[in-house]
Amino acid sequence: MNKADIVDVLEDIAVLLELKGENPFKIRAYSGGARVLETMEDDLGEVIAEGRLGSIKGIGSALVDKIETLHATGELEYYTKLRASIAPGLIEMLDIPGLGGKKVKKLHDALGVESIDALKAACEAGEVSALKGFGQKSEEKILTGIANRAAYAKRHLWWEARTVAEPILAGLRDLPQVEQAEAAGSLRRLKETVGDLDFIVASSEPQAVMDWFVGQDSVQEVTAHGETKSSVRFESGLQADLRVVLMAQFAFALHHFTGSKEHNVAMRQRALSRGYSLSEWGLKPSSNSGSGEMEVGSGELEVSSEQELFEFLGLQMIAPELREGMGEVERYELGGDSVPSLLELSQLRGVFHNHTTASDGRGTIEEMAEAAEALGFDYLGLADHSKASYQANGLSDARVLKQLEQIRAFNESGESAVHVFSGIECDILADGSLDLEDRTLAALDYTVMSVHSSFSQSEAEMTARVIRAIEHPGTVMLGHPTGRILLRREPYKIDLQKVIDAAIANKVIIEINANPKRLDMDWRLWRRAAEKGLMCAINPDAHSTEGLAYYAAGVNIARKGGIPTEQILNCRDCAGVAQWFAERR
DNA sequence: GCCGTTTTCGGCCCGACTGTTTTCAGTCG
């Protein structure tokens, strides 16, 4: 069993133990172990072979046994028995807001409900409100939760969540009572998808701010309305939380609610190890720090920014998008190894992999170049589909060469300050051969090779297929390496570590497909891949002039992945890009 | 179940909000 599947099993175990009413710290040990395994960058097989699994923090002897058994046999008796003892319907019930492990267990033990349907019937019969610990409101909330389950569970693309968040943030900042306001949470961390929106406001008049927030026209339901926190839900199912704090607490609150949860745990542990207790309200000497002279509340520390908070804990400023609990707290130690500076939007000189009316795009060469110029770019890469992508009106060899002539004429006309690089998004056929003739590929400035068919191949077949394409001398870039469509289509099975190694060995660039629905290759893989030498290109995959703007989502991913700017082709000037292509061909 | 330069046992990040209670448990982030 591979690492990802083992991670799933450990997470399953944690959920099942929750429904059993197990010790919460034991549950956390399993979910924590899953997390550690997931973010471990070394090959699991090697780690096990070298006997290093048990020396990883968060994985003790019990987890070593279970992980090794799963890795070797794909089965685990403990897990099988545990799963058999819990009705699958109970796991689904955890998705209903307000129901956690203990309440689901109680509903099951007291009423015998084992499915959402049975729970619904029990609520409608008034059996739930009759239970100790439940009441009328609980019953209603459960019924509402069941009715809206699909919408509540949904995550939202970062790009779309941002368009909802921006006017709310602007509205908050316009209020006279508001001193400072920021969006926090996964939106601020630039995650590819966002569960809900979080807003942090500094104000000494919280009530007025809360009232404005819950009174917005777009609010469909107010789910909480307290003294410092309010929550609302919009029609789309998207939930937004607002927290109002005093200015002195703002940096702490902003840091806390930006998260991630794992980052916060690491920061609190760091604070504790230095004798301080960190919370969303502030930083104070911890009560058990030993020296009796430190009374709780007597040494509250003040910081005016997140940067000061990090510095107090001996850290460089960690950008929000890096706070994923993936070792950043250790890496950003003051005076430690230098960390790469993060890409800025303004550093991009152009973008690659965009479509025109020649295949399935909506803009002409001229229109796309004009839009690129408006964005301040020096160059634009055009890469239409090749003929195997019949549904996208892909180009034959002859049509590619015709377009190449059009691009040359456009560049020579001098009508645009933007230089257009001629490329193609060439299909990688099922056997790993390419959809166009070698001489066609060689005539172009550059190529992007992508998989658009036979998604259901085995991992071994798909990996071999893509590596064969990478090894072709006509290949310059690899397009969207997993084919995933966020929230809609799973990635196809592929061993990306092998693909990354092949790309490095063959000097092939892997793209960050910046379409907000793709963001592929995933940010989680970039830091390690970049350290090994992989080059990156940020490719909006624009199918219209408006689509060029997606490059900003690609910049997010490059930042999250911590890719040094020297390894991002878009940061080079026109001559530098031309040189890279020339050396590669 | 994990962990330890005070600890191999007894802790484990912390606090708001809700609904149900009458002082608090459960959920959530």
Side-chain angles (χ1 to χ4, degrees), chain A residues 10 13-14 17-18 20-36 53-67 78 93-107 128-142 145 152 184-186 189 194-200 206 210 222-231 239-245 249 252-253 255-273 275-284 286-291 296 325:
Chain A
L10 296 181
I13 291 175
L17 291 177
E18 204 181 340
K20 284 243 164 197
E22 260 287 2
N23 173 1
F25 297 108
K26 181 171 171 178
I27 296 167
R28 190 196 294 170
Y30 277 98
S31 49
R35 180 81 199 173
V36 167
L53 195 55
S55 60
I56 298 171
K57 196 165 154 38
I59 299 185
S61 57
L63 281 179
V64 168
D65 276 352
K66 293 188 170 75
I67 293 169
Y78 173 75
M93 288 183 206
L94 291 173
D95 289 338
I96 299 169
L99 290 189
K102 291 185 180 166
K103 286 194 172 174
V104 170
K105 184 175 182 334
K106 182 153 195 182
L107 288 166
V128 171
S129 56
L131 281 181
K132 190 170 158 61
F134 292 80
Q136 200 64 43
K137 286 205 171 179
S138 306
E139 200 167 75
E140 285 163 19
K141 203 173 160 195
I142 291 171
Y152 290 177
S186 46
R189 296 203 314 278
V194 171
D196 54 22
L197 305 179
D198 295 279
F199 298 95
I200 311 299
M210 295 287 182
V222 177
T223 53
H225 194 17
E227 280 175 35
T228 65
K229 179 195 159 177
S230 289
S231 295
Q239 179 172 307
D241 296 344
L242 169 69
R243 268 111 180 161
V244 182
V245 300
Q249 300 157 338
F252 294 108
H255 174 265
H256 176 85
F257 291 108
T258 295
S260 62
K261 209 173 160 206
E262 292 78 11
H263 170 84
N264 287 352
V265 168
M267 286 288 283
R268 287 191 145 132
Q269 281 168 348
R270 186 174 179 93
L272 274 180
S273 74
Y276 291 90
S277 167
L278 175 64
S279 78
E280 63 259 53
W281 300 110
L283 189 63
K284 62 189 181 192
S286 58
S287 49
N288 56 359
S289 67
S291 65
V296 173

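Computed over heavy atoms, backbone and side chain alike; hydrogens, waters and symmetry mates excluded. Here is how names work: the chains are called A, B, and so on, in the same order as the sequence lines, proteins then strands, and each is numbered from 1.
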Distance between [atom1] atoms of [N] and [M] (Å, rounded):
{"N": "B/dG11", "M": "B/dT20", "atom1": "C1'", "result": "30 Å"}
{"N": "B/dT22", "M": "B/dC17", "atom1": "P", "result": "23 Å"}
{"N": "B/dC13", "M": "B/dC3", "atom1": "P", "result": "13 Å"}
{"N": "B/dT5", "M": "B/dG1", "atom1": "C1'", "result": "24 Å"}
{"N": "B/dC14", "M": "B/dC9", "atom1": "P", "result": "24 Å"}
{"N": "B/dG10", "M": "B/dT21", "atom1": "P", "result": "35 Å"}

Distance, rounded to the nearest Å, where [X] contributes [atom1] and [N] contributes [atom2]:
{"X": "A/Lys141", "N": "B/dC17", "atom1": "NZ", "atom2": "P", "value": "14 Å"}
{"X": "A/Ile96", "N": "B/dT27", "atom1": "CD1", "atom2": "C1'", "value": "14 Å"}
{"X": "A/Leu131", "N": "B/dA25", "atom1": "CG", "atom2": "C1'", "value": "15 Å"}
{"X": "A/Met210", "N": "B/dC17", "atom1": "CE", "atom2": "P", "value": "7 Å"}
{"X": "A/Leu17", "N": "B/dG1", "atom1": "CG", "atom2": "P", "value": "8 Å"}
{"X": "A/Phe25", "N": "B/dG1", "atom1": "CZ", "atom2": "P", "value": "15 Å"}
{"X": "A/His225", "N": "B/dC28", "atom1": "NE2", "atom2": "C1'", "value": "19 Å"}
{"X": "A/Arg28", "N": "B/dC2", "atom1": "CZ", "atom2": "P", "value": "14 Å"}

Considering non-hydrogen atoms only, spot the tightest contact between [X] and [Y] and give its length.
{"X": "A/Phe257", "Y": "A/Ala184", "answer": "O-CB, 3.5 Å"}
{"X": "A/Ala271", "Y": "A/Leu283", "answer": "CB-CD1, 4.1 Å"}
{"X": "A/Asp241", "Y": "A/Ser231", "answer": "OD1-OG, 2.8 Å"}
{"X": "A/Asp196", "Y": "A/Val194", "answer": "O-CG1, 3.3 Å"}
{"X": "A/Leu10", "Y": "A/Ala34", "answer": "CB-CB, 3.8 Å"}
{"X": "A/Ser129", "Y": "A/Gln136", "answer": "CB-N, 3.9 Å"}

Under 4.0 Å, counting only non-hydrogen atoms across every strand here, what does [X] touch: a base, just sugar-phosphate, or nothing?
{"X": "A/Ile27", "result": "nothing"}
{"X": "A/Gly33", "result": "nothing"}
{"X": "A/Pro24", "result": "nothing"}
{"X": "A/Phe134", "result": "sugar-phosphate"}
{"X": "A/Asn264", "result": "nothing"}

From C-beta outward on [X], which listed nucleotide comes closest to its side chain: [options]?
{"X": "A/Thr228", "options": "B/dC14, B/dA16, B/dC2", "result": "B/dA16"}
{"X": "A/Arg268", "options": "B/dG1, B/dC14, B/dG15", "result": "B/dC14"}
{"X": "A/Leu272", "options": "B/dC12, B/dC14, B/dG26", "result": "B/dC14"}
{"X": "A/Ser61", "options": "B/dC2, B/dT18, B/dC14", "result": "B/dC2"}
{"X": "A/Lys137", "options": "B/dG15, B/dG19, B/dC13", "result": "B/dG19"}
{"X": "A/Ser279", "options": "B/dC14, B/dT18, B/dC12", "result": "B/dC14"}
{"X": "A/Trp281", "options": "B/dA16, B/dT27, B/dG1", "result": "B/dA16"}

Within the structure, does a side-chain N or O atom of [X] lie under 4.0 Å from either OP1 or OP2 of [N]?
{"X": "A/Gln136", "N": "B/dG19", "answer": "no"}
{"X": "A/Lys102", "N": "B/dG26", "answer": "yes"}
{"X": "A/Ser138", "N": "B/dT18", "answer": "no"}

### Query
In terms of side-chain geometry, is the basic nitrogen of A/Lys103 or A/Glu18 positioned less than 4.0 Å from the acidic oxygen of its partner?
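Between A/Glu18 and A/Lys103 there is no salt bridge, as every charged N stays at least 4.0 Å from the carboxylate O atoms.
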### Counter-base of B/dT8, judged by Watson-Crick or G-U geometry with both distances under 3.5 Å
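B/dT8 is paired with nothing.
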### Query
Has the side chain of A/Asp196 got a donor or acceptor that lies under 3.5 Å from a partner of the other kind on the base of B/dG29?
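There is none.
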### Task
For B/dT7, measure the glycosidic angle (O4'-C1'-N9-C4 for a purine, O4'-C1'-N1-C2 for a pyrimidine) and name it syn if it falls within 90° of 0, otherwise anti.
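Here the answer is syn: the torsion falls within 90° of 0.
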### Task
Find which nucleotide of DNA chain B each of A/Lys261 and A/Gly60 is nearest to by heavy atoms, and output the residue with the more 5' nucleotide.
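Nearest nucleotide further toward 5': that of A/Gly60.
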